[in-house]
**Q** 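Pasting a structure here, questions to come.
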Amino acid sequence: MPSRRHFLRSSAALPLAAAAPSAAFAAEPSAGPTVYDGPLRGVAPVTVTEVDAFYVGAALFTRVRTSAGVTGWGEADRAGAGPGIVDALIDRIDRQVEGRDLFDADPLFTDLYFRSDDMGRGGLITSAISGIDLALWDARGKVLGRPCYQLIGGAYRKEIPVYGSFSRDGGDRTPADMARIAAGFVEIGFKAVKARMDIRQTNVDPVDDPTFEVVAAIRSEIGDEFPLYVDANNGYSAARAIEVGRRLYEEYNVSVFEEPVGYTNYADHAEVSDALDGIQVAAGEHEYTRWQFRDLIVQGRPDVVNPDLIRAGGLTEGRHIAALCSAFDLPIAVHSTRPTLGTAAHLHYVASVLRADRPQEHPGPDKAPELWDLFETQVLPENGMIAVPEAPGLGLVPKEGAIEAAAKAYADRQ
């Protein structure tokens, strides 16, 4: 159940309507350059008044309220934690956010991260900060009447190609099941498919390795030329990953090999990357900030980088990660497994990053369909493409009452 938060009231803060893009700027002859002349001019800065978290089972949503009467929504990675832990964490963080200027994006992230790093430098703490950061960006866009991609650098592209991502579901899905899922993605127009093996670091180099049987079944269903990626989910030692990667490329025309070794072992990752030709080695879903991505890039030497904004620091830190990748001329293909606000945030991010020019991950239109009952609007793929939302902020319109009720119902069941 969401906590009640501290409201910050100020007599100088007035509810304000978002500026219409065509009227938000006006030239002043004496000022020279065009200056902001929207409804926020001449009043107190817009500040954050409240932060909330809503754990609805299949997602963890975040909400910020502002002194402008504008509400922003984001999404955080659940990080395997229950609602009580998440709610307590958000409650601690919101005391660092309330009263702050809404548009202090980098200072806010910096303060949140370094004042909380004694609780951990990744995982749940950074995921929580990510959710708050995304809600703050949603609010900024709504205050200015602009989609988020315009606030973080503009758009290189307005439609994003996506690939369908699916797993063995812990081993419950047979190779035939995996092949049928892959064929379904192809049939509805996805530009590539990725099979996740669910091997994990607790079962490295499994004796009964499922990979080749699964890949052979998928190839028999979708043909030899359709783009196919394989995610080992950290399942191999370096020597075995090199062997598997070569065979995947040479026998099955697999083009991307994701997380072949443990994400804690950059030396092994570099060994695999250096040894494999043709197939591209990808990683990044387990890195949480620019500093971890720096180490991954320099020490692990991936060919493709996979940040996830709902755990790696939101759009604020995502911009720093994108700049780092740009400096190393590395392409970005986001890790994106959440269909609603997480996907919307990634669309704005991918639109604004030059080297995010390849198909991006999507869990498919059937992922947690009940979540769409909590929103007035949707972002779904059509013929393997998703249009970047043009509405202010992240572009989705949550049903606040429905989200609050879903979070209460989930908490009552626990």
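Fair warning: this is a prediction, and the values are worked out from it, not measured in the lab.
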**Q** Please table the atom pairs, donor to acceptor, closer than 3.5 Å between any side-chain atom in residues 179-192 and protein atoms at least two apart or in another chain.
**A**
residue	atom	partner	partner atom	Å
R180	NH2	D177	OD1	2.3
K191	NZ	N383	O	3.3

**Q** For the residue pair M197 and V214, what are the closest heavy atoms and their distance?
**A**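 Heavy atoms of M197 and V214 come nearest at CE-CG1, 3.7 Å.
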**Q** Atom CZ in R100, atom OG1 in T49: separation rounded to 0.5 Å?
**A**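 Answer rounded to 0.5 Å: 14.5 Å.
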**Q** Is the backbone N or O of V350 less than 3.5 Å from a side-chain atom of R157, with the two atoms forming a donor-acceptor pair by type?
**A** yes
**Q** Between the main-chain N or O of Y149 and the side-chain N or O of S352, is there a donor-acceptor pair closer than 3.5 Å?
**A**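 Not a single qualifying donor-acceptor pair exists.
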**Q** Taking C-beta and beyond as the side chain, do R219 and N253 meet within less than 4.5 Å on heavy atoms?
**A**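 Answer yes - side chains close enough.
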**Q** Tell me, do Y236 and E243 make a side-chain contact under 4.5 Å, heavy atoms counted?
**A** no
**Q** Assess whether atom CD of E382 is packed by more than 12 heavy atoms of other residues, nucleotides or ligands within 6.0 Å.
**A** no
**Q** I would like to know whether D231 and E285 meet side chain to side chain contact (heavy atoms under 4.5 Å, CB included); could you show each step before the answer?
**A** CA-CA 11 Å; D231 186 346; E285 70 177 81; 3.9 Å; yes
**Q** Okay, side chain of T47, backbone of S67: is any donor-acceptor separation there less than 3.5 Å?
**A**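 Between the backbone of S67 and the side chain of T47 there is no qualifying donor-acceptor contact (under 3.5 Å).
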**Q** Roughly how far, to the nearest 0.5 Å, is CD1 of I129 from CG of L112?
**A** 5.0 Å
**Q** Do you know the tightest heavy-atom contact between E287 and A312?
**A** O-CB, 3.8 Å
**Q** Mind listing the closest non-hydrogen atom pair of N233 and I199 along with its distance?
**A** CB-N, 4.0 Å
**Q** Is the distance between the ring centroids of W73 and F375 under 6.0 Å?
**A**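 No: the rings miss the under 6.0 Å criterion.
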**Q** Which heavy atom in L276 sits nearest to a heavy atom in A241, and how many Å separate them?
**A**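 Closest approach of L276 to A241, heavy atoms only: CD1-O, 4.5 Å.
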**Q** Measuring only between side-chain heavy atoms, which start at C-beta, is H320 closer than 4.5 Å to D106?
**A** yes
**Q** Can we say E258 and R196 salt-bridge, meaning some charged N sits less than 4.0 Å from an Asp/Glu carboxylate O?
**A** no
**Q** Should we count CD of E213 as having more than 12 external heavy atoms under 6.0 Å?
**A**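 12 or below, so no.
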**Q** If I take atom CZ from residue R311 and atom CZ from residue R338, how far apart are they, to the nearest 0.5 angstrom?
**A**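 Going from CZ on R311 over to CZ on R338, the span is 8.0 Å.
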**Q** Measure the spacing between CZ of F293 and OH of Y288 and express it to the nearest 0.5 Å.
**A**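 One gets 10.0 Å once the value is rounded to the nearest 0.5 Å.
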**Q** For a 4.5 angstrom cut-off between non-hydrogen side-chain atoms, does S326 reach L354?
**A** no
**Q** Please find out if less than 6.0 Å separates the ring center of F109 from that of W137.
**A**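 They do not qualify: ring centres at least 6.0 Å apart.
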**Q** Specify whether Y263 and H286 have parallel, tilted or perpendicular ring planes, treating 30° as the upper limit for parallel and 60° as the lower limit for perpendicular.
**A**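 Rings of Y263 and H286: parallel, under 30°.
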**Q** Ignoring hydrogens, what is the shortest heavy-atom contact between M385 and V162? Give both atom names and the distance.
**A**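 Minimum heavy-atom separation between M385 and V162: N-CG2, 4.5 Å.
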**Q** Say whether, by atom type as modelled, one donor and one acceptor occur between the side chain of S165 and the main chain of E361 under 3.5 angstrom.
**A**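 Absent.
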**Q** Are more than 12 heavy atoms, taken from residues, nucleotides or ligands other than D373, located less than 6.0 Å from that residue's CG atom?
**A**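 For D373, atom CG is crowded (more than 12 foreign heavy atoms under 6.0 Å).
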**Q** Going by the side-chain contact (heavy atoms from CB on, under 4.5 Å) test, name the single residue among T340, L396, L60 that passes it with E75.
**A**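 That would be T340.
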**Q** Taking everything shown except Y249 itself, do over 12 heavy atoms lie less than 6.0 Å from its OH?
**A** no
**Q** Identify the two heavy atoms, one from A232 and one from F257, that lie closest to each other, and give their separation to 0.1 Å.
**A**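 It is CB-CE1, 3.9 Å.
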**Q** With sequence neighbours excluded, tell me which residues meet side chain to side chain donor-acceptor pair (under 3.5 Å) with D205.
**A**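 Partners of D205 under the side chain to side chain donor-acceptor pair (under 3.5 Å) test: S237.
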**Q** Find out whether I332 and R358 are in side-chain contact, i.e. whether some heavy atom of one side chain is under 4.5 Å from a heavy atom of the other.
**A** no
**Q** Do V334 and Q360 come close enough that some side-chain heavy atom pair is under 4.5 Å?
**A** yes
**Q** Begin with the C-alpha distance, continue with both residues' side-chain angles, and end with the deciding distance and a verdict on side chain to side chain contact (heavy atoms under 4.5 Å, CB included) for E317 and W291.
**A** CA-CA 10 Å; E317 190 66 356; W291 299 284; 4.0 Å; yes
**Q** Atom CG in L309, atom CG in D77: separation rounded to 0.5 Å?
**A**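 Result: 11.5 Å between the selected atoms.
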**Q** Do the side chains of R246 and E250 get close enough for a salt bridge, i.e. N-O under 4.0 angstrom?
**A** no
**Q** Hey, does the side chain of S116 reach the backbone of Y113 with a donor-acceptor pair shorter than 3.5 angstrom?
**A**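 Absent.
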**Q** A side-chain contact here means heavy atoms from C-beta on lying under 4.5 Å apart; do D209 and R240 qualify?
**A** yes
**Q** Would you say E259 and H335 make side-chain contact, with heavy atoms under 4.5 Å?
**A**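 No, too far: nothing below the 4.5 Å cut-off.
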**Q** How many angstroms lie between atom CD of Q201 and atom CG of N265, to the nearest 0.5 angstrom?
**A** 9.0 Å
**Q** Using only atom types and a distance under 3.5 Å, with no angle test, would you say the side chain of D198 pairs donor to acceptor with the backbone of G170?
**A** yes
**Q** Does D138 use its side chain to pair, donor to acceptor, with the backbone of G74 at less than 3.5 Å?
**A**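 No; judged by distance alone, with no hydrogens or angles, the pair does not exist.
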**Q** Are the charged groups of D274 and R301 less than 4.0 angstrom apart, N to O?
**A**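 So D274 pairs with R301 through a salt bridge.
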**Q** Using side chain to side chain contact (heavy atoms under 4.5 Å, CB included), reason through L341 and L134 one step at a time and then give a plain yes or no.
**A** CA-CA 9 Å; L341 286 163; L134 292 175; over 6 Å; no
**Q** Could you give me the CA-CA distance, side-chain angles and deciding distance for I160 and V388, then say whether side chain to side chain contact (heavy atoms under 4.5 Å, CB included) is met?
**A** CA-CA 7 Å; I160 311 299; V388 181; 3.9 Å; yes
**Q** Do the charged groups of R63 and E404 touch, with an N to O distance under 4.0 Å?
**A** yes
**Q** Give a yes or no on whether the backbone of V261 and the side-chain of N234 come within a donor-acceptor separation of less than 3.5 Å.
**A** yes
